[in-house]
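Read the numbers this way: they start at 1 and go in the same order the structure lists the ligands and their atoms.
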Amino acid sequence: MSILSQRAQALQPSATMAVSARAKELKSQGVDVISFGAGEPDFDTPEHIKQAAKNALDAGETKYSLPVNGKPELREAIVEKFKRDNNLEYSPSQVCVSYGGKCCLYLAFQTIVDPGDEVIIQTPYWVSYPEQVKQAGGVPVFVETEEKNDFKLTPELLERAITDKTKVLVLNSPSNPGGFTYTFEELKGLAEVIADKDIIVFSDEMYDRLVYDGTKCTSIAATMPEMMEKTLTFNAMSKTFAMTGWRLGYVAGPENIINAMTKLQSQAASAPAGFIQTAATVGLKGDQQCVEDMRSEFQRRAKRMYERLNEIPGLSCIKPTGAFYCFPNISGWFGRELAGKKITGSLDFCATLLDEAHVAIVPGVAFGCDSNARLSFATSMENIENGLNRIEEFLKKYA
Ligand SMILES: Cc1ncc(COP(=O)(O)O)c(C=O)c1O
């Protein structure tokens, strides 16, 4: 009998981590690797937020932080944020603060999903959804989307995936890795399918402020009044404020669900550190110019990376409207040879690119979409130019 629980044995390591580990290994051997693997902003946390944390530490915010769902000032600031940016009216009692968006999602799956419940997840998806569903005993039901439709779930596809076991629909807009953003009309179309069903939407809006060229990010909970009762809206300080390492996320939704998640958090971890919550409050309530500065730089990079990718033989890419990823189709190389290796899928393609051109990109198979690969533009313009030069020069040899 294994010492490990069946749950622990069933868990898959994050495939995105595997690529960065291999890139790190090469770097440690002295190889000059350019990495497009990053899932976090390359900017530092804005100074006034860091200063707020330092001040809070000096003021003695070093004890257990109460209440478990987050400090009232922070939950107030989150309520204001949802109103200001997402047209959502929550009250502070409908908000729970936790350790990054990831932990908010984890608490939610544990709170909502029973063994055998089905959770609808579209491809391409963020890597942790299926594993978190399985940890709760649920069954991920993958819905394949079409690249020609910008990888978007449609009402027809959703309708077909729903069974009497469906408990949750996961939506992520702007999308990691797809880089697409649902419009109000598209989300309303999906909302109409589930409006009369006992299905909860987990709306992952981590990248809501990182949208480009006039794209608007809509929350599905704002598309029709019924959706407020049927949606958990997830967000975090991580991507918007370049605070990935601070581990501060939040979720809002029906009070009974939030209370159940809070109870779980009280037994598993207690509330995130008080000085971090204070800094997050300052971030949400303070001058938002820092967010705009980062957003506009991401927009510049998105355009450049998208244009360059479409010039490279065998690659094609839809233009990212949000998040910080391009997700080119690489399947033009499948069945062919690169550096003497037959390419059969995204894993081979990315491994060959890393070993031969010293560029790290993430195989789409990690996101349930083998025909593509993910490149993060959360890196300098210089890295983008140099890395894409390398990819182009390498692939041109075999075109
Ligand atoms: C779509 C998506 N959801 C959730 C998360 C988790 O965010 P956090 O770092 O706040 O836990 C990420 C981070 O990569 C993400 O891309």
Side-chain angles (χ1 to χ4, degrees), residues 13-20 35-43 45 49 70 74 78 81 95-109 119 121-133 135 140 151-153 168-182 201-211 217 219-220 232-252 261 265 268-269 272-273 276-277 279-280 283-284 298 320-327 362 364 366-369 374-379:
S14 160
T16 49
M17 301 267 181
V19 175
S20 46
S35 178
F36 292 126
E40 60 185 346
D42 52 320
F43 306 110
T45 303
I49 300 178
L74 175 54
I78 290 166
K81 175 261 175 303
V95 174
C96 181
V97 170
S98 190
Y99 299 85
K102 196 178 249 183
C103 200
C104 292
L105 285 156
Y106 185 83
L107 292 175
F109 282 121
V119 175
I121 300 171
Q122 69 157 94
T123 62
Y125 50 74
W126 180 55
V127 287
S128 291
Y129 301 139
E131 294 308 312
Q132 292 200 354
V133 170
Q135 284 292 295
F151 298 109
K152 286 175 179 174
L153 187 63
V168 177
L169 163 65
V170 178
L171 285 179
N172 171 217
S173 172
S175 156
N176 172 10
F180 60 84
T181 309
Y182 282 99
V201 179
F202 285 13
S203 183
D204 178 337
E205 302 176 12
M206 299 292 142
Y207 299 89
D208 69 326
R209 310 270 308 272
L210 302 178
V211 281
C217 175
S219 296
I220 192 166
L232 288 174
T233 306
F234 296 84
N235 212 319
M237 301 303 289
S238 310
K239 316 289 178 174
T240 308
F241 293 94
M243 290 174 70
T244 46
W246 297 62
R247 311 311 302 136
L248 203 289
Y250 49 92
V251 48
M261 290 173 63
Q265 173 149 282
I276 290 180
Q277 293 194 49
L284 289 171
F298 281 136
T321 55
F324 36 67
Y325 310 100
C326 283
F327 197 54
V362 187
F367 314 102
C369 194
R374 189 188 78 175
L375 286 81
S376 163
F377 48 85
T379 187

Closest non-hydrogen atom pair, Pro130 against Tyr125:
CG-CE1, 3.5 Å

Examine the side chains of Glu40 and Ser238 and answer whether a donor and an acceptor come within less than 3.5 Å of each other.
no

Under the ring-ring contact (aromatic ring centres under 6.0 Å, His included) rule, what do Phe43 and Phe298 come out as? Steps first, then yes or no, please.
CA-CA 11 Å; Phe43 306 110; Phe298 281 136; 5.3 Å; yes

Distance-only check: which donor-acceptor pairs under 3.5 Å involve side-chain atoms of residues 169-179, not counting sequence neighbours?
| residue | atom | partner | partner atom | Å |
| --- | --- | --- | --- | --- |
| Asn172 | OD1 | Asn176 | N | 3.0 |
| Asn172 | ND2 | Pro174 | O | 3.1 |
| Asn172 | ND2 | Asp204 | O | 3.0 |
| Ser173 | OG | Tyr182 | N | 2.9 |
| Ser175 | OG | Gly178 | N | 2.9 |
| Asn176 | OD1 | Arg374 | NH1 | 2.8 |

Just by distance, do the side chain of Gln132 and the backbone of Ala108 share a donor-acceptor pair under 3.5 Å?
no

Using heavy atoms and a strict 4.0 Å limit, residues surrounding ligand 1 turn out to be Gly100, Gly101, Lys102, Trp126, Tyr129, Asn172, Asn176, Asp204, Met206, Tyr207, Ala236, Ser238, Lys239, Arg247

Audit row: Tyr207, Phe324, ring-ring contact (aromatic ring centres under 6.0 Å, His included) steps and yes/no:
CA-CA 8 Å; Tyr207 299 89; Phe324 36 67; 5.3 Å; yes

